[in-house]
Undergrad: 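Dumping the structure here so I can ask a few things about it.
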Amino acid sequence: MRSLLTVTDLPQLLSERLARAFADVAGEPADPAVRRSDRADYQADGALSLAKKLRRPPREVAAEVLERADLDDLVANAEVAGPGFLNLTLSDTALSTLVGEMAADERLAVAQASAPERVLVDYSGPNVAKEMHVGHLRSSIIGDALVRVLEHLGHDVVRQNHIGDWGTPFGMLIEHMIDLGAGETAHELSVGDLGAFYQDARKAFDSDEGFAERARRRVVLLQSGDPETLALWRLLVDESARYFETVYERLGVRLRPEDLAGESTYNDQLAPVIDELVELGLATESEGALCAFPKGFTGRDGGPLPLILRKSDGGFGYDTTDLAALRYRVGDLKARRLVYITDLGQRLHFEMVFEVGREAGWLGPRAHAEFQGFGVVLGTDRRRLRTRAGDSIKLIDLLDEAVRRAALIVAEKASHLSAEEQADVAAAVGIGALKYADLSNDRIKDYVFDWDRMLSFDGNTAPYLQYAHARIQSVFRRGAVDRASLKGAAVRLTDPAEHALALRLGEFEGILHKAAGVVEMHRICGYLYDLATAFTAFYERCPVLRADDDATRSSRLALCDVTARVLATGLSMLGIAAPTRM
RNA sequence: GCGCCCGUAGCUCAGUGGAUAGAGCGACAGACUUCUAAUCUGUUGGUCGGAGGUUCGAAUCCUCCCGGGCGCGCCA
């Protein structure tokens, strides 16, 4: 039987304890269905469905479960209520023990996975020589947050930045680079003027037949491995990669050059992959192209829907590349869980890729792939976020504006800080607000982008959480408290607000597991907001530095310390900084 | 045409089988010689898009309909 010393996930702990009793009563495993409750700390609703199965009165079943459950060390009060709910109130001593465990541990008693899983996360995926936009923002920060949580939980994470670094556009891009000269190209790309570079190349391609012809020839040279062409291509890719790095650095997304695994990575695997699919009988000739028809997908005409393995002109498209990437990730990188984070528009494509992967035996018992898509970013007019001219907004412009707006607020409200500190805080608040606005919404839904709302210090925003964190820090400063000394502090909960705060603290670990499992970072956001709310209620009611006696004071300081660390750790899981002064 | 996703308070969003559906903003009324008022307290506000169904119990599961978005063979 697990105790508070090994588990800091309260609902899970209660669930485990009750599960034994439920199993005894049911004669087989039965879900206790533990939930938060507004009538107690938690409620367990499992007796109702179990009663139905056993054809017994629900309250009688609930009472028997309670009779058999071993909850004495955790629960102060447990009773059958309503039609057969079990209302559970945690004991203050149990919660004190739990907070004490968190206070004494660097990791806030969040366990590392005993059986780490190799998880591959595919995210960000910008295109070479093209500007990054809001779509890359979502993929980048959701992926980054997922990676941070998985790593914190002790998993073995492989990041893959599947950049667009191959294909027919590179003919025109390389020719445009030749026209500009390498030096000028490097300059344009390094200063982040990729939009102009790409558009100029496109313009030349569309308006100048001679250029278009050169571009087409250049594609052939590129695909045939012409050394000079490859060198030019390499330059283009390297310059773009450098640019991506500066954006990631600015955003606080921890993608590195070694995480790059663009489409070109799989060039020499395309033919072998096709050979394997042919051998397995999964490839079919159709309309001059070689196709795979995964089971269960139909097209406009009601016929089977293909992935094009080899185009009728002999070339390869992204279907083949994504299949090769899948095979490589499972076979060579040994990933057991693969998470793809792209916009929802690509769902069908990836579901088809995964189905072929299953039919080919790459996926199955040894590995599974998940498509975790996200919705689009809308303006306050409820239409896709764009510039007034109708272009997609450059990601870097968005970052600049976030920090600029935050700086105005900081200058007004934190004039007591030095100019340098103000700049740091503005960056943390601006970028944090931008990321939090995205992460705090359900990934699958579209969300409305609104500067005023995301930068507000009220409500479920990054600035509110950052401020809550900074306020706690100021308590330590004001009281000249050595936080290290709080590690062994005895926690005593007396006020209901302390009890409520401790409950929320005891849910941290479980939230991380849940968020990583279903790739829903907004669960972490909602949790941190609840925690901050519980803290401010505590802070309003319970004097800390002015507590009546030393024992209460040190207990409350320990609550402050653990809360601050959960907030900072939680925000860091989201890739958001928590300044100590604001 | 077929498929996928979304529809919850005036606005922005939580809540996916449990008790009276929650939060922030807005509006209204309060609380600062501050442990940081960048905060907090209270009031206001909902036929959970609609109609059937399953269930002891449905915002949540099923079916149909309405509205919005996206996708459906050689672009990614």
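Below, read A as the first sequence line, B as the second, and so on, with proteins coming before strands; counting in each chain starts at 1. It should be emphasised that the depicted structure is a prediction, and the values quoted were computed from it without experimental measurement. Side-chain atoms are counted along with the backbone in the values below, which use heavy atoms only and exclude waters and symmetry mates.
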Undergrad: Out of B:A19, B:G73, B:A38, which nucleotide sits closest to the side chain of A:Y467?
TA: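 When the side chain of A:Y467 is considered, B:A38 is the closest of B:A19, B:G73, B:A38.
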Undergrad: Which part of the nucleic acid does A:A470 contact within heavy-atom distance under 4.0 Å: base, sugar-phosphate only, or nothing?
TA: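 Here A:A470 touches the bases of the nucleic acid.
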Undergrad: For atom C1', what is the distance between B:U47 and B:A59, given to the nearest Å?
TA: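 Those two atoms are separated by 13 Å.
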Undergrad: Across all strands shown, which nucleotide pairs with B:G46 by Watson-Crick or G-U wobble geometry, both distances under 3.5 Å?
TA: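 Result: none.
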Undergrad: Nearest whole angstrom, please: distance from the P of B:A14 to the CZ of A:R36.
TA: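 Taking CZ of A:R36 and P of B:A14, I get 16 Å after rounding.
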Undergrad: Using a heavy-atom cut-off of under 4.0 Å over every strand shown, decide if A:Q43 touches base, sugar-phosphate, or nothing.
TA: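 If one applies the 4.0 Å heavy-atom cut-off, A:Q43 turns out to touch a base.
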Undergrad: For the pair made of CD in A:Q346 and P in B:G3, what is the distance, rounded to whole Å?
TA: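 Going from A:Q346 (CD) to B:G3 (P), I get 22 Å.
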Undergrad: Check A:L385, A:D438, A:V376, A:L378 against A:Y447 for a side-chain contact (heavy atoms from CB on, under 4.5 Å) and give me the one that passes.
TA: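 So the option named by the test is A:D438.
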Undergrad: Check whether the side chains of A:D165 and A:S264 place a donor and an acceptor atom closer than 3.5 Å, and report yes or no.
TA: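 The criterion, which ignores hydrogens and geometry beyond distance, is satisfied for A:S264 and A:D165.
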Undergrad: In whole angstrom, give me the gap between the C1' atoms of B:U63 and B:U55.
TA: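 Nearest-Å result for B:U63 against B:U55 at atom C1': 16 Å.
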Undergrad: Rounded to whole angstrom units, what separation is found between the CG atom of A:D530 and the C1' atom of B:G22?
TA: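 In whole Å, B:G22 C1' and A:D530 CG are 10 Å from each other.
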Undergrad: Which part of the nucleic acid does A:G526 contact within heavy-atom distance under 4.0 Å: base, sugar-phosphate only, or nothing?
TA: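 No contact.
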Undergrad: Report the base-pairing partner of B:A23 (Watson-Crick or G-U wobble, both distances below 3.5 angstrom), or none.
TA: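 Result: B:U12.
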Undergrad: Identify whether any heavy atom of A:A468 sits under 4.0 Å from a base atom; if not, whether one sits that close to sugar-phosphate; answer base, sugar-phosphate or nothing.
TA: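 Nothing, no heavy atom under 4.0 Å.
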Undergrad: With a 3.5 Å cut-off and no angle check, do the side chains of A:Q372 and A:R443 form a donor-acceptor pair?
TA: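 A:Q372 vs A:R443: donor-acceptor pair found between side chains.
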Undergrad: Distance check, P atoms only: B:G49 and B:A9, in whole angstrom units.
TA: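 Those two atoms are separated by 8 Å.
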Undergrad: Near A:R383 CZ, under 6.0 Å, is it more than 12 heavy atoms from other residues, nucleotides or ligands?
TA: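 Check fails, neighbour count at 12 or below.
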Undergrad: In whole angstroms, how far is the C1' atom of B:G73 from the CE atom of A:M352?
TA: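 Taking atom C1' of B:G73 as the reference, CE of A:M352 is at 9 Å.
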Undergrad: Under 4.0 Å, counting only non-hydrogen atoms across every strand here, what does A:V448 touch: a base, just sugar-phosphate, or nothing?
TA: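 Counting heavy atoms under 4.0 Å across all strands, the contact made by A:V448 is with sugar-phosphate only.
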Undergrad: Check every strand shown and say whether A:G345 touches a base, only sugar-phosphate, or nothing at a heavy-atom separation below 4.0 Å.
TA: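 Sugar-phosphate, backbone atoms only, no base.
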Undergrad: For the base of B:A19, is there a side-chain donor-acceptor partner from A:N87 under 3.5 Å away?
TA: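 Indeed there is one.
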Undergrad: With no angle test and no hydrogens, is the base of B:U41 tied to the side chain of A:R541 by a donor-acceptor pair under 3.5 Å?
TA: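 No pair found.
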Undergrad: Measuring from the side chain of A:S312 (C-beta onward, heavy atoms only), which nucleotide among B:A38, B:C74, B:C13 has the closest atom?
TA: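 Per side-chain heavy atoms of A:S312, the pick is B:C74.
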Undergrad: Heavy atoms under 4.0 Å, any strand shown: does A:R347 hit a base, just sugar-phosphate, or nothing?
TA: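 If one applies the 4.0 Å heavy-atom cut-off, A:R347 turns out to touch the sugar-phosphate alone, with no base involved.
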Undergrad: So does A:S286 reach the base of B:G73 with its side chain, donor to acceptor, closer than 3.5 Å?
TA: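 Counting by modelled atom types and ignoring angles, a donor-acceptor contact under 3.5 Å is found here.
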Undergrad: Is it the case that A:D45 and A:Q43 place a side-chain donor and acceptor less than 3.5 Å from each other?
TA: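 A:Q43 and A:D45 do have a side-chain donor-acceptor pair below 3.5 Å.
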Undergrad: Is there a Watson-Crick or G-U wobble partner for B:U41 with both distances under 3.5 Å, and which nucleotide is it?
TA: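 Its partner is B:A29.
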Undergrad: Answer with base, sugar-phosphate or nothing: what part of the nucleic acid does A:L48 contact at a heavy-atom distance below 4.0 Å?
TA: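 Result for A:L48 = base.
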Undergrad: Please classify the nucleic acid contact of A:N127 as base, sugar-phosphate, or nothing, using heavy-atom distances under 4.0 Å.
TA: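 Counting heavy atoms under 4.0 Å across all strands, no contact is made by A:N127.
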Undergrad: For B:C61, what is the paired nucleotide under Watson-Crick or G-U wobble rules, both distances under 3.5 Å?
TA: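 Per the H-bond distance test, B:G53.
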Undergrad: Sticking with atom P, work out how far B:C61 lies from B:A23, rounded to a whole angstrom.
TA: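 Per the computed distance, 24 Å lies between those P atoms.
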Undergrad: Would you kindly compare A:V475 and A:I444 by the position of their nearest RNA chain B nucleotide and give the one closer to the 5′ end?
TA: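 The residue closer to the strand's 5' end, by nearest nucleotide, is A:I444.
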Undergrad: If you measure from the Lys or Arg side-chain nitrogens to the Asp or Glu carboxylate oxygens, is any gap between A:D561 and A:R565 under 4.0 Å?
TA: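 Yes.
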Undergrad: Distance check, P atoms only: B:C65 and B:C28, in whole angstrom units.
TA: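 The same atom, P, in both gives a distance of 46 Å.
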Undergrad: Across the strands shown, which category fits A:A33 at heavy-atom distances under 4.0 angstrom: base, sugar-phosphate, nothing?
TA: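 Nothing, no nucleic acid heavy atom in range.
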Undergrad: Rounded to whole angstrom, note down the C1' distance from B:A14 over to B:U60.
TA: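 Roughly 13 Å separates the two C1' atoms.
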Undergrad: If pairing requires Watson-Crick or G-U wobble contacts with both distances under 3.5 Å, which nucleotide is the partner of B:C70?
TA: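 By the stated definition (distances under 3.5 Å), B:G3 pairs with B:C70.
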Undergrad: Considering every strand and a 4.0 Å limit on heavy-atom distances, what is the contact class for A:R477: base, sugar-phosphate, or nothing?
TA: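 Base contact - A:R477 has a heavy atom under 4.0 Å of at least one base atom.
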Undergrad: In whole angstrom, give the distance that lies between atom CG of A:L378 and atom P of B:C5.
TA: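 After rounding, the gap between these two atoms is 18 Å.
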Undergrad: Contact between A:C560 and A:F535 at the side-chain level, heavy atoms closer than 4.5 Å - yes or no?
TA: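 They are in contact (side-chain heavy atoms under 4.5 Å apart), so the answer is yes.
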Undergrad: Between A:R35 and B:G18, does any side-chain N or O lie under 4.0 Å from OP1 or OP2?
TA: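 Affirmative; the distance criterion is met.
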Undergrad: Please classify the nucleic acid contact of A:R478 as base, sugar-phosphate, or nothing, using heavy-atom distances under 4.0 Å.
TA: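 Sugar-phosphate contact only - A:R478 comes under 4.0 Å of backbone atoms but never of a base.
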Undergrad: Would you indicate what A:R384 reaches in the nucleic acid, counting non-hydrogen atoms under 4.0 angstrom: base, sugar-phosphate, or nothing?
TA: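 Sugar-phosphate only.
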Undergrad: Hey, which of these two, A:F293 or A:G167, hits RNA chain B nearer its 5' end, going by closest nucleotide?
TA: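 In this pair, the answer is A:F293.
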Undergrad: Angle class for the A:F170/A:W233 ring planes (parallel below 30°, perpendicular above 60°, tilted otherwise)?
TA: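 The rings of A:F170 and A:W233 stand perpendicular, inter-plane angle above 60°.
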Undergrad: Rounded off to whole Å, could you give me the CG-to-C1' distance for the A:D381 and B:U12 pair?
TA: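 In whole Å, B:U12 C1' lies 15 Å from A:D381 CG.
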Undergrad: On a whole-Å scale, what distance lies between the P atoms belonging to B:U41 and B:G46?
TA: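 The same atom, P, in both gives a distance of 23 Å.
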Undergrad: Side chain to side chain contact (heavy atoms under 4.5 Å, CB included) between A:Y529 and A:T461: does it pass, once the steps are laid out?
TA: CA-CA 8 Å; A:Y529 181 61; A:T461 67; over 6 Å; no
Undergrad: B:C25 and B:C70: how far apart are their P atoms, nearest whole angstrom?
TA: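 To the nearest whole Å, 33 Å.
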Undergrad: How many whole angstroms separate atom CZ of A:F374 from atom C1' of B:C6?
TA: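 In whole Å, B:C6 C1' and A:F374 CZ are 16 Å from each other.
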Undergrad: Considering every strand and a 4.0 Å limit on heavy-atom distances, what is the contact class for A:H522: base, sugar-phosphate, or nothing?
TA: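 Sugar-phosphate, no base atom in range.
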Undergrad: Below 4.0 angstrom from OP1 or OP2 of B:G69, is there any side-chain N or O of A:K445?
TA: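 Answer no for this pair, as no side-chain N or O of A:K445 is under 4.0 Å from OP1 or OP2.
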Undergrad: In whole angstrom, give the distance that lies between atom OH of A:Y527 and atom P of B:A14.
TA: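 One finds 20 Å between P of B:A14 and OH of A:Y527, rounded.
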